[in-house]
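Each chain gets a letter, A, B and so on, in the order the sequences are listed, and its residues count up from 1. FYI, side chains are in, hydrogens and waters are out, and symmetry mates aren't considered; it's all heavy atoms of this structure.
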Amino acid sequence: MPILSPVVLAIQGFVASIGATVLWLCQATGALCAFAVSGLGHVFRPPWYPAEIARQFMRIGYFSLPVVGLTALFTGGALALQIFAGGSRFNAESVVPSIVAIAITRELGPVLGGLMVAGRVSSSIAAEIATMRVTEQIDALTTLSTNPMKYLVAPRLLAAVIVLPILVFIGDIIGIMGGFLVGTARLDFNPATYLKTSYEFLETGDVTSGLIKAAVFGFIIALMGCYQGYHSGRGAQGVGRATTNAVVSASILILASNYLLTEALFPG
Amino acid sequence: MTDTAKIEMPKIEMPKIEMRGVTKSFGSKPVLLGVDLSVPTGKSLVIIGGSGTGKSVTLKCILGLIAPDAGVIEVDGENVAGKRGKAREALLDKFGMLFQGGALFDSLSVWENVAFRLLHGSRKLPREEARAIAMEKLRRVGLEEDTAELFPAELSGGMQKRVGLARAICAEPEIIFFDEPTTGLDPIMADVINDLIREIVVEMGVTAVTITHDMTSVRKIADRVAMIHHGVIQWCGPAAEIDSTGNPYMHQFVNGLGEGPIEAIR
């Protein structure tokens, strides 16, 4: 058998490690897609669990309202200051109301709202389902003739997809109000003119594109929380890792899908 | 017309559960190497064996929580390995299970845990009716009515076991599995749980399979005992014979000896 030189062995090792990573990536993507398809299938097939769906509406939607509202309020305010400072360089201070409204509805409302909800909800879903896995509650569901995908995953997916656009819509209004407060109190805009300009420049497509994004982000948030929790390792370490992975993967997927959705909705 | 002599055939009762040649490996680690086990209808079988010998895996294979690599698993004479979806759910309607840690659902109250199958399953009942049955089962396992509205986190270990037991019997299953029913309990509470299990099994006439390494439980609960080691059943026989069997594995385990065919890591 020929003896390979250390250089060849090193190259072989490097290529092998790339191959292993690609295989792992393909396997993980395939598993996630299969999980998503299965979860979505259960959303549309009975039996449904109305009490569980209502519980998730409250947890994902109602209890996220303060986080989304505060994020939007401060973002709107900061945006007004930034646009005013930038616009003053070429005497375009008057664009503040319209740019704040467009930026909030199209981009910052859904993206920042999505990221904040990912931090709050994706982690909590992952921790809850991972704990259920570790304490055999998921096995218990199965032995009680209940499909865990139907009872745990489907209600969370459904609730998140419906509730995120509602949250983002409320966040849009609060964000524009944040800009309004700073614009009128700090930048000497006339309140009536500010509101009129915001309303006149805003188009239906600006709002609906943000709401479409929010629905996709809701799906991602619930999916990553459920997936990471469902496939968590054993013990406290497994639960901790699932929680971290859920937030990190949901955040990255939100940012990546935001770019793709923007390309699709505003092709330029 | 000639009389034909009628031959009296001995009546052979079909076992409730039968496993033949069941194997299961996790990666390169074999756990079950060909388990052959028969559980007669209406009897209480206790599977004993050291930690990591495959007792839980055996139960999970029967329930379909883990897919065996090979072998046949029959319940009421029907091969259940590979059943999916509705067929698996229908099969699981026959089973009740008490998990080692209780596995109670944190987000549901005690009575909702007990009545879970009646609130959601194919035997779905109106909420009030399901609650009434849950209350009756809670009383049967010795819990007061005021525990019904509590949440599992508010219960002691012994109470959680009782709630788990009430949930296991709530829908009147034909088969009940008990996974380490006395682990983590003090000796007095363990004895109470053992008595409860025995009473319920006799009263309901169910087929029971218990896995444990607590010999007190074995003596209280078992009609038959099976000893698993190295992924196979080393001995299976009536509970009355566990002290007199000449099987070296049983002798070592029953008497808790350090010396014998079961290697003890020191």
Side-chain angles (χ1 to χ4, degrees), chain A residues 27 34 37-38 41-42 44-60 63 121 124-156 159 225-226 229-231 233-236 238-239, chain B residues 26 56-57 59-67 83-109 112-124 127 152-153 160 163-164 167-171 173 175-180:
Chain A
Q27 198 179 22
V37 169
S38 169
H42 286 295
F44 295 105
R45 283 199 309 272
W48 294 287
Y49 298 99
E52 196 53 28
I53 294 168
R55 206 195 319 263
Q56 296 311 320
F57 267 105
M58 290 299 285
R59 283 185 55 192
I60 300 172
F63 294 122
V121 171
S124 108
I125 291 175
E128 185 185 13
I129 295 181
T131 306
M132 290 183 77
R133 166 69 69 203
V134 169
T135 56
E136 294 186 302
Q137 289 178 52
I138 292 180
D139 285 347
L141 271 178
T142 308
T143 62
L144 290 164
S145 311
T146 302
N147 188 326
M149 289 295 288
K150 199 172 272 303
Y151 186 77
L152 296 176
V153 179
R156 285 163 174 81
C226 292
Y230 207 85
H231 296 95
R234 288 176 174 272
V239 177
Chain B
F26 294 98
S56 294
V57 174
L59 283 198
K60 287 182 176 177
C61 282
I62 298 171
L63 290 166
L65 297 173
I66 294 174
K83 280 204 174 198
R84 295 278 173 273
K86 294 276 174 213
R88 165 73 51 192
E89 283 173 21
L91 170 75
L92 287 169
D93 280 344
K94 292 182 180 182
F95 288 86
M97 176 142 182
L98 171 62
F99 284 84
Q100 187 177 343
L104 302 175
F105 306 125
D106 301 319
S107 58
L108 302 181
S109 66
E112 287 172 321
N113 264 284
V114 173
F116 191 90
R117 204 192 279 270
L118 305 178
L119 289 168
H120 300 290
S122 55
R123 299 180 220 168
K124 192 171 176 175
R127 205 169 163 80
Q160 288 190 9
V163 175
R167 184 173 70 181
I169 62 173
C170 193
I175 304 162
I176 308 181
F177 286 174
F178 301 97
D179 184 359
E180 310 264 10

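- Annotation: maximal heavy-atom pairing with chain B below 4.5 Å, among A/N147, A/D139, A/T142, A/T135, occurs at A/D139.
- Looking at A/E128 and A/R59, a side-chain N of the basic residue comes within less than 4.0 Å of a carboxylate O on the acidic one, giving a salt bridge.
- Side-chain contact annotation: B/S107 with A/R55, donor-acceptor N/O pair under 3.5 Å absent.
- When heavy atoms are compared at a cutoff of 4.5 Å, B/F105 approaches chain A by way of both its backbone and its side chain.
- Listed for the A/K150 side chain is no donor-acceptor partner under 3.5 Å among the backbone atoms of A/Y49.
- Ion pairing between a basic and an acidic side chain is recognised when a charged N comes within 4.0 Å of a carboxylate O; A/E136 and B/K60 show such pairing.
- Using a 4.0 Å cut-off between charged side-chain N and carboxylate O, B/R127 and B/E112 make a salt bridge.
- Residue B/D179 touches chain A through its side chain alone, counting heavy-atom pairs closer than 4.5 Å.
- Neither the backbone nor the side chain of B/L98 comes within less than 4.5 Å of any heavy atom in chain A.
- Here the straight-line distance linking atom CZ of A/R133 with atom CG of A/L152 works out to 9.5 Å at 0.5 Å rounding.
- With chain A as partner, the option from B/D93, B/L63, B/L119 having the largest number of non-hydrogen pairs under 4.5 angstrom is B/D93.
- For B/L104, the part lying near chain A is the backbone, with the side chain staying farther off; criterion is any non-hydrogen pair under 4.5 Å.
- Heavy atoms closer than 4.5 Å to chain B are found nowhere in A/I138, neither backbone nor side chain.
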